[in-house]
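So the structure is just underneath, and the comments pick up after that.
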Amino acid sequence: MFTHPHKQKSWVTGVLALALLLAALGGLLVGSVNIPPAEALQKLWAALLGQGADDAPTRILLSARLPRLLLAASVGGTLALAGLASQTLFRNPLATPSIIGVSSGAALGAVIGLLLMGRVGFASPLLASVFSIASGLGVTLLVFALGRRGRFFGHALLLAGIAIGSLCSSLTTAALYLAGERLQAIVFWLMGGLWQANWRDALIMLPLALGGLAVLRLLAPAMNLALVGERSAHDLGLNLPRLQRQLLIMIAVTTAVAVSLTGVIGFIGLVVPHLLRLVLGADHRRLVPATALGGAVLLVSADTLARTLAAPAEIPVGILTAMVGAPVFLWLLHRRMGRTLP
């Protein structure tokens, strides 16, 4: 099954790794204050040796751009991997984490947390993150409980996810109606962005991203078998219900935490794994690392543009990913339907 000619294109992963390196360098050097490459490398090396100076370029690099870069790469890679896992879970190349309601649930929790902030004697931004993660995971558990009652788990899960996700979106809209003076800040957050990135967020997201990558690497052979269909996979010895639960947990946890830290950033989980599948074929052993790199490249690049195109103002990065992702999605849909769109 996996002798696709595209399988031999192992150079794709190397190209993506190089692209991530270049995007990371651009993210470190470019901004409201441009820092020459030699100076940036010297200051980063000095900081690594514990000899960093307390000057403006060093503070910009270490306190603002580096944690933001790590967070962007981690969230981008994580969302792309969650998209790949969703497409395998539903055996649908156009599936995304939002299809099971986790993104909508996490967004609803974050909005509630932002509205309650300062009104319950606890004004820390962590309140929104805690509510977001709890709501995202709670919605996923509800969708799973409803989905497992169906005769066909994948179809029942899909329908339950769409219904619960729509309900969460409606409740989020209702919460925005009650936001009052907080409306602009909440809407800006919902558009997705990394302007509040800090070392705490980066150090939360980076291990989670690496953990998600490791899990999918281990599950890659089973994910390959899952593509042949439930009955054939069972005949080949695959415990499909266990794999489905493992993928669902990975999608829910990583997506909920990512949304809690950066807001809703769409299309990465759809576009990146789908495009790479067209190039590399269906073998997840190659797709998993390439997808992680591709998602990181896309979000790091988009975030650099978001903070430089309209400087000193900042564009929510979710707007840029949607501007890229929507046309690509229409092209993928046209390609899948095999006919010209009206």
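Note that the numbering runs from 1 along the sequence shown for the chain.
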4.5 Å side-chain heavy-atom contact, Leu16 and Val12:
yes

Residue pairs, two or more places apart or on separate chains, that pass side chain to side chain donor-acceptor pair (under 3.5 Å) and touch residues 249-270
none

Are Val139 and Val102 packed together at the side-chain level, in the sense that at least one heavy-atom pair is separated by less than 4.5 angstrom?
no

Nearest non-hydrogen partners of Leu287 and Gly281, listed with the distance:
CD1-O, 3.5 Å

Would you call Ile186 and Leu115 a side-chain contact if the rule is heavy atoms closer than 4.5 Å?
yes

Apply the side chain to side chain contact (heavy atoms under 4.5 Å, CB included) test between Leu299 and each candidate in Leu71, Thr78, Leu320, Val75; give the one that qualifies.
Val75

Please check if Leu29 and Leu66 belong to a single hydrophobic cluster, counting links between Ile, Leu, Val, Met, Phe, Trp and Tyr side chain heavy atoms closer than 4.5 Å.
no

Any non-hydrogen side-chain atom of Ile99 less than 4.5 Å from a side-chain atom of Asn92?
no

Give, for atom CG of Leu69 and atom CG of Leu20, the distance between the pair rounded to the nearest 0.5 Å.
7.5 Å

Count I, L, V, M, F, W, Y as connected when their side-chain heavy atoms are under 4.5 Å apart, and connections chain through other members. Are Val257 and Trp199 then in the same cluster?
yes

How far does OG1 of Thr172 sit from CG of Leu176, to the nearest 0.5 angstrom?
7.0 Å

Restricting to pairs with a member in residues 314-330, which pass side chain to side chain donor-acceptor pair (under 3.5 Å), not counting sequence neighbours?
Arg68-Glu314

Hey, does the side chain of Thr96 reach the backbone of Gly83 with a donor-acceptor pair shorter than 3.5 angstrom?
no

CG on Leu203 to CG on Asn198, rounded to 0.5 Å:
9.0 Å

How far apart are the closest heavy atoms of Pro67 and Ala202, and which atoms are they?
O-CB, 3.6 Å

Minimum-distance pair of heavy atoms, taken over all atoms of Met250 and Ala82
CE-N, 4.1 Å

Are any side-chain N or O atoms of Arg307 and backbone N or O atoms of Gly27, one a donor and one an acceptor, separated by less than 3.5 Å?
yes

Begin from the C-alpha positions of Asn224 and Arg285 and carry the test side-chain contact (heavy atoms from CB on, under 4.5 Å) through to its verdict.
CA-CA 8 Å; Asn224 286 344; Arg285 291 171 297 181; 4.0 Å; yes

Taking Arg217 for the side chain and Pro289 for the main chain, is one N or O donor matched with an acceptor at less than 3.5 Å?
no

Find the distance between OG (Ser74) and CG (Leu210) and round it off to the nearest 0.5 Å.
7.0 Å

Applying the 4.5 Å side-chain criterion to the ILVMFWY set and letting contacts propagate, would Leu208 and Ile265 be lumped into a single cluster?
yes

Does a side-chain heavy-atom distance below 4.5 Å link Ile249 with Val215?
no

Drop me the distance from His284's NE2 to Leu216's CG, to the nearest 0.5 angstrom.
8.5 Å

Determine whether Gln196 and Asp201 make a side-chain contact, defined as any pair of heavy atoms from C-beta on separated by less than 4.5 Å.
no

Decide yes or no on side-chain contact (heavy atoms from CB on, under 4.5 Å) for Leu298 and Phe267, but give the supporting numbers first.
CA-CA 10 Å; Leu298 178 56; Phe267 287 100; over 6 Å; no

The criterion is side chain to side chain contact (heavy atoms under 4.5 Å, CB included); which residues satisfy it with Val264, sequence neighbours excluded?
Ala107, Val259

Val15 and Leu293: same hydrophobic cluster, using ILVMFWY side-chain contacts below 4.5 Å?
yes

Please lay out, stage by stage, how Ile35 and Glu39 fare under the test side-chain contact (heavy atoms from CB on, under 4.5 Å).
CA-CA 7 Å; Ile35 302 175; Glu39 180 183 358; 4.2 Å; yes

Check whether any side-chain heavy atom of Leu62 sits under 4.5 Å from a side-chain heavy atom of Leu44, and report yes or no.
yes

Search all heavy atoms of Val300 against all heavy atoms of Ala24 and return the closest pair with its distance.
CG1-N, 4.1 Å

Give me the atom names and distance for the closest heavy-atom approach of Ala256 to Ile133.
O-CG1, 4.0 Å

Is it true that a side-chain atom of Ser135 and a backbone atom of Gly105 form a donor plus acceptor pair closer than 3.5 Å?
yes

Could you grab the distance from atom CG of Leu309 to atom OG1 of Thr304, nearest 0.5 Å is fine?
10.0 Å

Do the side chains of Leu61 and Leu41 join up, straight or via other hydrophobic residues, at under 4.5 Å, putting them in one cluster?
no

Given the rule in the side-chain contact (heavy atoms from CB on, under 4.5 Å) test, do Met191 and Ile315 qualify, once you have shown the distances and angles that lead to the verdict?
CA-CA 9 Å; Met191 292 179 183; Ile315 303 171; over 6 Å; no

Close side-chain approach of Arg286 and Leu276, heavy atoms under 4.5 Å:
no

Please report the closest heavy-atom contact between Ala226 and Thr88, naming both atoms and the distance.
CB-CG2, 4.4 Å

